[in-house]
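Data first, discussion second: the structure below is written as structure tokens.
All residue numbers in this chain count up from 1 along the given sequence.
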Amino acid sequence: MKAIVKTKKAPGVEVRDLPVPEVGDADILVKLRCGSVCGSDVHIYEWTAGYDWMPLPVTLGHEFSGEVVKIGPQVRTAAVGDRITALPVMPCSRCDLCRIGKGDACGSKIVLGLLSPGAFSEYVRITAGAGIFKIPEGVSDEAASLCEPLAVAMNAVELAGIKPGQKAAVLGPGPIGLLTLQVLKASGTSAVMVAGTGADRKRLAVARKLGADIILNVEKEDPVKKAAEIAGGGFGGGLDVVFEATGNPKSIPQAIGMVRGGGKVVLIGIHPTTAEFSPTDLVRGRKSLIGAYAYEPDTWPRALALLASGRIEVEPMITHKLPLSKATKGFELAASKEAAKVLFIP
Ligand SMILES: [Zn+2]
Ligand SMILES: [Zn+2]
């Protein structure tokens with residue numbers, strides 16, 4: 001089977017021919033329908049700092065949808081023919097702890113596309129634990145493959161404690177930023193600004209299509225001034241929450257300047273270096289800096305429910321669909337920001 005494999009601690013990936021994985025007693029084998037390229041996959045492709053701990057070679061990919069084609073004799077949570085998506089982090093099902101039902105404490109957890117073979121391959125083997133979710137009817141394979149990043153965006157918005165009527169900004173119109181925008185709209189915010197650079201032109205156009213109230217090019221306009229303007233000189237003169245989804249350390253002091261007194265900055269981006277900002281601005285402004293990473297398992301069924309409801313639209317974000325053999329092209333499209341979301345479809 002074809003698979004997109006990270007083989008070297010250097011930029012690039014390879015398309016390799018690998019054997020279809022064997023299915024153990026507690027495993028299921030999934031035939032890939034759609035694998036979606038995450039910002040972190042692009043970091044791994046470009047080999048930016050922060051991934052040195054990955055054991056190579058490893059098949060990439062953790063955002064996917066597929067069809068169950070084989071199950072082990074112990075499997076009760078999935079049946080052949082099911083359309084599913086699954087948590088990328090799962091107990092291994094093989095160690096002593098997993099065998100006695102203590103998967104939570106499993107020391108050899110499966111981490112798809114980082115520590116264990118990922119989803120960018122024709123078939124992917126996963127453990128049949130609690131992290132498998134049937135895709136509701138009416139949710140397409142394409143949309144379901146974006147369940148994972150949607151869960152990331154939902155978790156970030158939940159951590160911010162967004163209230164109806166509040167005003168927010170999203171820095172960075174990448175996939176996570178675009179999903180955060182949509183979750184904010186669905187949560188009753190009264191204004192959402194999405195900011196990016198000139199290189200983000202195509203992604204900002206998608207943000208506009210998805211309902212962003214204000215689009216800002218940070219190379220042309222000062223986001224801090226614009227935030228104060230949107231806030232309309234209200235309490236503290238800034239936005240209630242700013243979500244940082246660029247991964248550019250320079251955007252952190254900007255985000256802090258954009259929120260009102262008592263406001264929140266939620267960091268979702270993965271930053272290759274340290275950031276510099278004034279702690280005193282945070283202290284005197286009684287502002288909070290919150291790190292948002294991943295999600296709770298219960299976020300997933302709610303993400304699928306939102307997709308099924310049509311309140312979140314991921315289709316406009318899917319700008320490119322490619323076969324696994326066009327791996328390099330897919331990663332280049334995402335890295336150059338030409339694409340919003342790239343899907344690999346076998
Ligand atoms: Zn992801
Ligand atoms: Zn285990």
Side-chain angles (χ1 to χ4, degrees), residues 1-21 29-48 51 54 56-67 69 83-86 88 111-114 116-126 135 139-150 173-179 199-203 205-206 209 247 270 313-346:
M1 63 170 192
K2 268 198 191 74
I4 299 175
V5 185
K6 183 76 191 177
T7 56
K8 290 185 294 250
K9 296 192 178 233
V13 290
E14 270 178 46
V15 179
R16 283 194 174 172
D17 233 318
L18 299 179
V20 174
L29 189 68
V30 178
K31 189 175 194 302
L32 184 71
R33 293 271 184 95
C34 297
S36 146
V37 176
C38 180
S40 64
D41 296 324
V42 177
H43 292 312
I44 296 166
Y45 170 76
E46 295 182 312
W47 205 243
T48 51
Y51 294 91
M54 281 177 68
L56 303 184
V58 68
T59 300
L60 299 182
H62 61 268
E63 303 178 1
F64 75 100
S65 61
E67 182 190 340
V69 290
R83 279 195 318 139
I84 61 126
T85 181
V111 186
L112 289 182
L114 286 171
S116 355
F120 295 162
S121 63
E122 286 171 75
Y123 295 91
V124 57
R125 179 184 66 196
I126 57 181
I135 299 168
V139 176
S140 68
D141 296 331
E142 283 89 352
S145 71
L146 269 71
C147 184
E148 198 266 351
L150 174 56
I176 296 291
L178 292 172
L179 289 164
D200 291 315
R201 201 169 27 89
K202 292 211 166 138
R203 291 173 167 190
V206 176
K209 211 188 275 177
I270 300 289
E313 268 186 285
V314 293
E315 279 81 1
M317 292 176 48
I318 301 171
T319 50
H320 297 78
K321 299 178 193 176
L322 296 165
L324 291 165
S325 57
K326 295 261 163 61
T328 302
K329 183 166 187 212
F331 281 108
E332 284 298 328
L333 282 164
S336 67
K337 301 179 176 180
E338 174 75 19
K341 218 30 169 158
V342 175
L343 298 191
F344 288 119
I345 301 179

Any side-chain heavy-atom pair of Val30 and Val69 under 4.5 Å: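 They are not in contact (no side-chain heavy atoms under 4.5 Å apart), so the answer is no.
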All side-chain contact (heavy atoms from CB on, under 4.5 Å) counterparts of [X], not counting sequence neighbours:
X: Pro316; answer: Lys209, Leu210, Glu313
X: Arg16; answer: Val5, Thr7, Glu14, Leu18, Pro57
X: Lys2; answer: Val15, Glu122, Leu324, Ser325

Just jot down the salt bridge (charged side-chain N to carboxylate O under 4.0 Å, His left out) partners of [X], sequence neighbours excluded, or say none.
X: Lys341; result: Glu63
X: Lys321; result: Glu142
X: Lys202; result: Glu338
X: Glu67; result: Arg33

Not counting sequence neighbours, which residues clear side chain to side chain donor-acceptor pair (under 3.5 Å) with Ser140? List them please.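 If we apply the side chain to side chain donor-acceptor pair (under 3.5 Å) test to Ser140, skipping adjacent residues, the hits are Glu315.
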Using 0.5 Å steps for rounding, measure from the [atom1] atom of [X] to the [atom2] atom of [Y].
X: Ile4; Y: Thr328; atom1: CD1; atom2: OG1; answer: 8.5 Å
X: Ser145; Y: His62; atom1: OG; atom2: NE2; answer: 11.0 Å
X: His320; Y: Ile318; atom1: NE2; atom2: CD1; answer: 12.0 Å
X: Cys38; Y: Glu148; atom1: SG; atom2: CD; answer: 6.0 Å
X: Leu60; Y: Ser40; atom1: CG; atom2: OG; answer: 9.0 Å
X: Tyr51; Y: Lys9; atom1: OH; atom2: NZ; answer: 13.5 Å

Considering all heavy atoms, the nearest [X]-[Y] contact:
X: Thr59; Y: Ser121; answer: CG2-CB, 4.1 Å
X: Lys326; Y: Phe344; answer: O-CE2, 3.9 Å
X: Ala334; Y: Val42; answer: CB-CG2, 3.6 Å
X: Asp141; Y: Ser65; answer: O-OG, 2.8 Å
X: Ile126; Y: Ala86; answer: CD1-CB, 3.7 Å
X: Glu46; Y: Ala335; answer: OE2-CB, 3.5 Å

Got a sec, which residues hit ring pair (Phe, Tyr, Trp, His ring centres under 6.0 Å) with Phe64, two or more places apart in sequence or on another chain?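 Residues passing ring pair (Phe, Tyr, Trp, His ring centres under 6.0 Å) with Phe64: none at all.
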Non-neighbouring partners of Tyr123 that pass ring pair (Phe, Tyr, Trp, His ring centres under 6.0 Å), sequence neighbours left out: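 Applying ring pair (Phe, Tyr, Trp, His ring centres under 6.0 Å) to Tyr123 gives none.
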Applying side chain to side chain contact (heavy atoms under 4.5 Å, CB included) between Leu343 and each of Thr319, Val37, Leu146, report the one that passes.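 So, applying the side chain to side chain contact (heavy atoms under 4.5 Å, CB included) to Leu343 and each of Thr319, Val37, Leu146, only Leu146 qualifies.
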Worked check of side-chain contact (heavy atoms from CB on, under 4.5 Å) between Leu333 and Leu322: CA-CA 11 Å; Leu333 282 164; Leu322 296 165; 4.1 Å; yes
Report the C-alpha separation of Val342 and Phe331 in whole Å, then their side-chain angles, then the decisive distance to 0.1 Å, and conclude whether the side-chain contact (heavy atoms from CB on, under 4.5 Å) test is met. CA-CA 8 Å; Val342 175; Phe331 281 108; over 6 Å; no
Hey, does the side chain of Arg83 reach the backbone of Val139 with a donor-acceptor pair shorter than 3.5 angstrom?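 Flag set: sc Arg83 to bb Val139 pair under 3.5 Å.
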Would you check if the side chain of Lys6 reaches a backbone N or O of Ala10 as a donor-acceptor pair within less than 3.5 Å?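 Yes, the answer is positive, given that a donor and an acceptor are paired below the 3.5 Å cut-off.
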Does anything in residues 328-337 form a salt bridge (Lys or Arg N to Asp or Glu O under 4.0 Å)? List the pairs, not counting sequence neighbours.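 As it turns out, the salt bridge (Lys or Arg N to Asp or Glu O under 4.0 Å) pairs with a partner in residues 328-337, which skip direct neighbours, are Asp200-Lys337.
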Residues Leu114, Val58; criterion side-chain contact (heavy atoms from CB on, under 4.5 Å); working and verdict: CA-CA 7 Å; Leu114 286 171; Val58 68; over 6 Å; no
Test Leu56 against Lys8 for side-chain contact (heavy atoms from CB on, under 4.5 Å), laying out the working first. CA-CA 7 Å; Leu56 303 184; Lys8 290 185 294 250; 5.5 Å; no
